[in-house]
Amino acid sequence: MNNQLDKAYRIYTVIAAIPYGNVISYGDVARLAGLPRGARLVGWVLKKLPEETQLPWHRVVNAQGKLISHNQQQRQRLLSEGITFKSNGHVDLKLYGWIP
DNA sequence: TTTCTGACAGTTT
DNA sequence: AAAACTGCCAGAA
């Protein structure tokens, strides 16, 4: 079946599998979840995550390496995983892009 | 039902 | 280089 829960579930699975110390873009999450153009859906799903989720949502950044604006916590978590930032405050996707 | 809005991306101006 | 436009999917109004 192809209901929204299946799609959300596939997205969860992909995000849960992002290795420690790596980041991935929304578009790549969608692609790996079988939703080639579902980047916005990934954002929608992540927005709905509960506070206490164990999903490594902080490893998902946009295609420019920019973090979401509303959450300071993301940068902190990435730093604690050893991820470095460029002078413009973006993560370097070339270094940390996740190739499964 | 139609329209608008996102924690986005890719292409075209 | 930067802004605009288009595609995508689900939800809210």
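Remember, predicted model here, so these are calculated numbers, not experimental data. Here is the naming used below: chain letters follow the sequence lines, and residue numbers restart at 1 for every chain.
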For the side chain of A:Trp57, starting at C-beta, report the closest nucleotide among B:dA7, B:dC8, C:dC9. B:dA7
Return the nearest nucleotide to the side chain of A:Trp44; candidates are B:dA9, B:dA7, B:dG6. B:dG6
With rounding to the closest Å, how many angstrom separate the P atoms on C:dC5 and B:dC4? 15 Å
Distance, C1' atom - from B:dA7 to C:dA2, rounded to whole angstrom: 22 Å
Just by distance, do the side chain of [X] and the backbone of [Y] share a donor-acceptor pair under 3.5 Å?
{"X": "A:Thr53", "Y": "A:Pro50", "value": "no"}
{"X": "A:Asp28", "Y": "A:Tyr26", "value": "no"}
{"X": "A:His58", "Y": "A:Gln73", "value": "no"}

So how far is it from A:Leu78 CG to A:Asn22 CG, rounded to the nearest 0.5 Å? 10.5 Å
Side chain to side chain contact (heavy atoms under 4.5 Å, CB included) test vs A:Ile11 passes for just one of A:Leu32, A:Leu55, A:Leu35, namely A:Leu35
Tell me which one of A:Val23, A:Leu46, A:Val14, A:Leu67 satisfies side chain to side chain contact (heavy atoms under 4.5 Å, CB included) with A:Val60. A:Leu46
May I ask you to verify if any side-chain N or O of A:Lys7 is less than 4.0 angstrom from the OP1 or OP2 atom of C:dC9? no
Nearest-Å distance for atom pair [atom1]/[atom2], residues [X] and [N]:
{"X": "A:Asp6", "N": "C:dA10", "atom1": "CG", "atom2": "C1'", "result": "14 Å"}
{"X": "A:Leu41", "N": "B:dT5", "atom1": "CG", "atom2": "C1'", "result": "14 Å"}
{"X": "A:Leu93", "N": "B:dA9", "atom1": "CG", "atom2": "P", "result": "9 Å"}
{"X": "A:Tyr26", "N": "B:dG10", "atom1": "OH", "atom2": "P", "result": "14 Å"}
{"X": "A:Leu35", "N": "B:dA9", "atom1": "CG", "atom2": "P", "result": "14 Å"}
{"X": "A:Tyr12", "N": "B:dA7", "atom1": "OH", "atom2": "P", "result": "16 Å"}
{"X": "A:Arg10", "N": "C:dC8", "atom1": "CZ", "atom2": "P", "result": "16 Å"}
{"X": "A:Gln64", "N": "B:dA7", "atom1": "CD", "atom2": "C1'", "result": "13 Å"}

Every protein N/O within reach of nucleotides 5-7 of chain C N/O, cut-off under 3.5 Å:
| unit_1 | atom_1 | unit_2 | atom_2 | d |
| --- | --- | --- | --- | --- |
| C:dG7 | O6 | A:Arg40 | NH1 | 3.2 |

Is A:Gly38 touching bases, backbone alone, or none of the nucleic acid, heavy atoms closer than 4.0 Å? nothing
A:Gln74 side chain reached by A:Val61 side chain, heavy atoms, under 4.5 Å: yes
